[in-house]
2 protein chains.
Amino acid sequence: MDEKIISARTLRRLPVYLHYLNSIQDHCRNISATAISEEFGLNDVQVRKDLNAVSGTGRPKTGYVVTELIAQIESVLDCRTESKTVLVGAGNLGKALLSYEGFRDFGLNIIAAFDNSPTICGTLVNGKPVLPLTDLETVCREKHIQLGIITVPASQAQEICDRLAACGITAIWNFAPTILRVPAGVLVENENLASSLAILSKHLRAEKGGAPT
Amino acid sequence: MDEKIISARTLRRLPVYLHYLNSIQDHCRNISATAISEEFGLNDVQVRKDLNAVSGTGRPKTGYVVTELIAQIESVLDCRTESKTVLVGAGNLGKALLSYEGFRDFGLNIIAAFDNSPTICGTLVNGKPVLPLTDLETVCREKHIQLGIITVPASQAQEICDRLAACGITAIWNFAPTILRVPAGVLVENENLASSLAILSKHLRAEKGGAPT
DNA sequence: TCCTGATCGTTAAACTTTTCACAATTGGAA
DNA sequence: TTCCAATTGTGAAAAGTTTAACGATCAGGA
Ligand SMILES: NC(=O)c1ccc[n+]([C@@H]2O[C@H](COP(=O)([O-])OP(=O)(O)OC[C@H]3O[C@@H](n4cnc5c(N)ncnc54)[C@H](O)[C@@H]3O)[C@@H](O)[C@H]2O)c1
Ligand SMILES: NC(=O)c1ccc[n+]([C@@H]2O[C@H](COP(=O)([O-])OP(=O)(O)OC[C@H]3O[C@@H](n4cnc5c(N)ncnc54)[C@H](O)[C@@H]3O)[C@@H](O)[C@H]2O)c1
C-alpha cells in the first residue's frame with residue numbers, strides 16, 4: 001500500500017475535482033493543476049498538492065492524464081466499492097436523498113429506507129423499498145449494512161443512531177440538527193445546513209452594515 | 001458597533017451552539033463553556049473563545065446566562081432580520097427545503113420558488129407558490145430578494161446563478177454539484193454533500209484495511 | 001540538436017486554528 | 001471571614017493549512 005496521509009481538507013476537495021474531471025473527460029485528454037485551480041478559484045500549488053497526494057503521475061508540460069487521474073481519485077475515495085447503506089426517516093429530505101442518483105458515483109448504494117409511519121411503509125421511492133422501522137435490525141444484520149443515513153426529526157435521531165450502531169454500522173450521515181453520541185469507532189458526519197446559512201446571513205448583514213466582505 | 005472579527009470557523013459553530021442552547025433553555029438558567037464543550041466533544045477553550053467573540057458576559061463560577069447567550073448569538077447571526085429568499089428548482093430537494101421550517105430560526109424566509117416545468121408551476125409547496133421561471137426577475141426586483149437557493153440540475157445552475165446575480169442578489173446557496181462563477185461581491189456557499197460522503201467512505205475503507213481511524 | 005516556456009514537485013514562509021498553561025474572578029461552603 | 005473549586009479570559013505554543021519561491025523536468029518548436 002502506497003497510501004499517503006490525506007488531510008481531511010484535501011479529502012473534501014477530491015470529490016469536487018472528481019466531478020469536474022468526469023465532466024471534461026470526453027473532450028480533454030490532459031489537464032494541468034493550474035487549469036483546475038483556475039476553474040475553482042483555488043491556489044495552484046494547493047491543487048497540485050492535493051493531486052500529488054493521490055496521484056504522483058503528473059508530468060511537466062502536459063499535466064495529468066484525465067482518465068488516469070479520475071481512476072486514482074476514485075481509488076482513494078474508494079468509489080468502486082459500494083457502501084451498503086440504509087436511510088432512516090423517509091420524509092421530505094429522506095425521499096429527496098433516496099431519489100438522488102448522484103451519490104452512486106461515490107459508491108453509495110441505498111439498499112432500503114425505514115420509517116415508522118404506516119402511510120409511508122410499504123411504498124417504493126425511486127425503486128427502493130420503505131420498510132417498517134421494526135425490520136431495521138434484521139435487514140442491517142442480514143445485508144451487512146455499513147453506512148446509515150439519519151433523516152428523522154432531531155428528537156428521534158439519537159435513538160435511531162443507537163440502533164444503527166448496535167447493528168455494527170460504523171459510519172453515520174446525520175441530517176438532524178443534533179449532536180449524536182456514538183461508541184468509539186463509529187464516525188458521524190453531521191450535515192449542518194444551518195452553518196452555511198449562517199455564513200450567507202453574515203455576508204448579507206456585512207453588506208448592509210457597510211463593511212465589504 | 002462592538003463587532004469583533006469572527007472567523008468563519010467560529011461562525012459555523014455558532015448555529016450548532018444556538019440549537020443546543022434553545023433546546024436546554026427551558027430547564028437551564030446558566031451554562032458553562034466547559035459543559036458545552038463536553039456536549040459537543042470540543043476543546044473547552046475553543047468554545048470559550050467562540051462564545052467570547054459574541055458575548056463577553058461569561059462570569060467565573062457560573063458561566064453564561066442561557067437566554068442572554070441565545071440573544072447574543074442570534075444577534076451576531078442576525079437571526080431576527082429576515083433574509084428574503086427565492087428557491088429555483090422545485091424538484092425533490094427543492095421541495096424538501098421548501099417544506100422545512102427549521103431555517104426560520106435563522107431568519108430564512110423563502111418568498112417563492114421557481115421552476116420551468118409546467119406540471120409543478122402554479123402549485124403550492126408548504127404554502128409557498130411555485131412560479132414559472134419567467135417571473136424570476138420581476139419577483140426578485142419587486143420583493144427585494146437578497147438570497148437565492150439553487151436546486152436545479154448542475155447543467156442549469158450557472159444560468160440561474162447569472163440571472164439571480166443580475167437581479168441584485170448577493171448571496172447564493174448552491175446545492176448543484178458545480179462551481180459557479182459570480183461577479184465580485186456575490187457570495188456563493190456550495191453545499192457539497194459529496195464531500196461528507198467522501199469522509200465517510202474513507203472511514204469505512206480505513207476500517208476494512210485495518211488501520212484504525 | 002538545443003532552446004523555451006509550461007508545468008511539476010518540494011522546501012520554506014506566512015497565516016489560521018486549535019490547544020496548552022496560567023492568572024484572575026467569583027459564588028458558596030467551612 | 002476565609003478558603004476552595006469552578007470557571008472565565010488570554011497570551012503563547014503547537015498543529016494544521018495555504019501561499020510563495022524556486023529548481024527540475026520535459027514536449028515541442030527553432
Ligand atoms: N427538509 C429539509 O430541508 C431539512 C434540512 C435540514 C435538516 N433537516 C432535518 O432532517 C430531518 C428530516 O427532515 P424532513 O424535512 O424530511 O422531515 P419530515 O417530517 O418530512 O420527515 C421525517 C420522517 O421521519 C419519520 N420518522 C419520525 N420518527 C421516526 C422514527 N423514530 N423512526 C423512523 N422514522 C421516523 C417520519 O414518519 C417522517 O417520514 C429533520 O431532523 C430535519 O431537522 C431537514
Ligand atoms: N436530491 C438530492 O438529495 C440532492 C443531493 C445533492 C445534490 N443535489 C443536487 O440538487 C439539484 C436538484 O436535485 P433534485 O434531486 O431535486 O433534482 P430534480 O430533478 O428532482 O429537481 C430539479 C428541478 O429543477 C427544475 N428545473 C430544471 N431546469 C430548470 C431551470 N432551468 N430553471 C428552473 N427550474 C429548472 C426541474 O423542473 C425540477 O423540478 C441537482 O443539481 C442535484 O445534483 C440533490
Side-chain angles (χ1 to χ4, degrees), chain A residues 2-17 20-21 24 28-66 68-69 72-73 76 192 195 198-199 202 213, chain B residues 2-17 20-21 24 28-66 68-69 72-73 76 179 190 192 195 198-199 202 213:
Chain A
D2 58 341
E3 315 267 310
K4 306 178 192 176
I5 306 124
I6 299 177
S7 81
R9 285 292 178 84
T10 294
L11 207 49
R12 279 184 189 278
R13 283 189 291 265
L14 291 179
V16 181
Y17 301 152
Y20 173 67
L21 293 171
I24 62 163
C28 293
R29 187 158 197 78
N30 295 289
I31 185 86
S32 74
T34 319
I36 295 178
S37 74
E38 272 160 20
E39 178 70 24
F40 294 105
L42 299 172
N43 180 286
D44 63 331
V45 180
Q46 184 170 65
V47 175
R48 212 165 285 128
K49 284 197 167 161
D50 286 345
L51 297 186
N52 194 236
V54 303
S55 169
T57 60
R59 311 180 61 206
K61 190 79 179 182
T62 48
Y64 296 80
V65 178
V66 175
E68 210 173 284
L69 197 50
Q72 286 161 334
I73 296 179
V76 167
N192 197 338
S195 289
I199 302 277
K202 188 80 191 161
T213 312
Chain B
D2 58 342
E3 314 266 313
K4 307 178 191 176
I5 306 122
I6 299 178
S7 81
R9 284 292 177 85
T10 294
L11 207 51
R12 278 182 190 278
R13 284 188 291 265
L14 291 179
V16 181
Y17 301 152
Y20 173 67
L21 294 170
I24 62 162
C28 293
R29 189 160 197 76
N30 295 290
I31 184 86
S32 73
T34 319
I36 295 177
S37 73
E38 273 160 20
E39 178 68 25
F40 293 104
L42 299 172
N43 179 286
D44 63 332
V45 180
Q46 184 170 67
V47 174
R48 211 165 286 127
K49 287 199 165 158
D50 286 345
L51 297 186
N52 196 236
V54 303
S55 169
T57 60
R59 308 180 62 207
K61 190 79 179 178
T62 49
Y64 296 80
V65 177
V66 175
E68 211 173 284
L69 197 50
Q72 287 161 333
I73 296 179
V76 167
I179 298 299
N190 292 298
N192 197 339
S195 289
I199 302 278
K202 188 78 191 163
T213 313

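For the numbers below, each heavy atom of this structure counts, side chains included, while hydrogens, waters and symmetry mates do not. In what follows, chains are A, B, ... by sequence order, proteins preceding strands, each numbered from 1.
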K.L.:
Mapping B/N43 and A/G58 to their closest nucleotides on DNA chain C, which lands nearer the 5' end?
P.N.:
A/G58
K.L.:
Is a donor from one side chain sitting under 3.5 angstrom from an acceptor on the other, for A/T34 and A/R48?
P.N.:
yes
K.L.:
Between P on C/dC20 and CD on B/Q46, what's the gap in Å once rounded to a whole number?
P.N.:
11 Å
K.L.:
I want to check one thing: is the phosphate of D/dT17, taken as OP1 and OP2, less than 4.0 Å away from some side-chain N or O of A/R13?
P.N.:
no
K.L.:
Is the phosphate of D/dG9, meaning OP1 or OP2, less than 4.0 Å from a side-chain N or O of B/R48?
P.N.:
no
K.L.:
May I ask you to check whether B/E68 and B/T57 show a side-chain donor-acceptor distance below 3.5 Å?
P.N.:
yes
K.L.:
Looking only at the side chains, is there a donor atom on one of B/Y17 and B/D50 sitting less than 3.5 Å from an acceptor on the other?
P.N.:
yes
K.L.:
Counting only side-chain heavy atoms from C-beta out, which of C/dC8, C/dT18, C/dT26 sits nearest to A/S32?
P.N.:
C/dC8
K.L.:
Would you say a side-chain N or O of B/Y64 is under 4.0 Å from OP1 or OP2 of D/dA6?
P.N.:
no
K.L.:
Using a 4.0 Å heavy-atom cut-off across all strands, classify B/R59 as base, sugar-phosphate, or nothing.
P.N.:
sugar-phosphate
K.L.:
Starting at atom CG of B/L42, determine the distance to atom P of C/dT19, rounded to an integer number of angstrom.
P.N.:
8 Å
K.L.:
Mind calculating the distance between CD1 (B/I36) and P (D/dA6) to the nearest angstrom?
P.N.:
18 Å
K.L.:
Nearest to the side chain of B/V45 - C/dT25, C/dC20, D/dT25?
P.N.:
C/dC20
K.L.:
Please confirm whether the shortest side-chain N or O distance from A/T34 to OP1 or OP2 of C/dC8 is below 4.0 Å.
P.N.:
yes
K.L.:
In whole angstrom, give the distance that lies between atom CZ of B/R12 and atom C1' of C/dT16.
P.N.:
15 Å
K.L.:
Could you state the CG-P distance from A/D50 to D/dT19, rounded to the nearest angstrom?
P.N.:
11 Å
K.L.:
Output the rounded distance in Å from CD1 (B/I6) to P (C/dT17).
P.N.:
13 Å
K.L.:
Return the 5'-most residue of the pair B/A8, A/K49 with respect to DNA chain C, ranking by each residue's nearest nucleotide.
P.N.:
A/K49
K.L.:
Say whether, by atom type as modelled, one donor and one acceptor occur between the side chain of A/S32 and the main chain of A/G63 under 3.5 angstrom.
P.N.:
no
K.L.:
Measure CG/B/L51 against P/D/dT7 and give the value in whole Å, please.
P.N.:
14 Å
K.L.:
To the nearest Å, how far apart are B/K61 NZ and D/dG9 C1'?
P.N.:
17 Å
K.L.:
Think A/N52 has a side-chain N or O under 4.0 angstrom from the OP1 or OP2 of C/dC8?
P.N.:
no
K.L.:
Any chance you could lay out the side chain to side chain contact (heavy atoms under 4.5 Å, CB included) test for B/E38 and B/D44, step after step, and finish with the verdict?
P.N.:
CA-CA 8 Å; B/E38 273 160 20; B/D44 63 332; over 6 Å; no
K.L.:
Using a heavy-atom cut-off of under 4.0 Å over every strand shown, decide if B/T10 touches base, sugar-phosphate, or nothing.
P.N.:
nothing
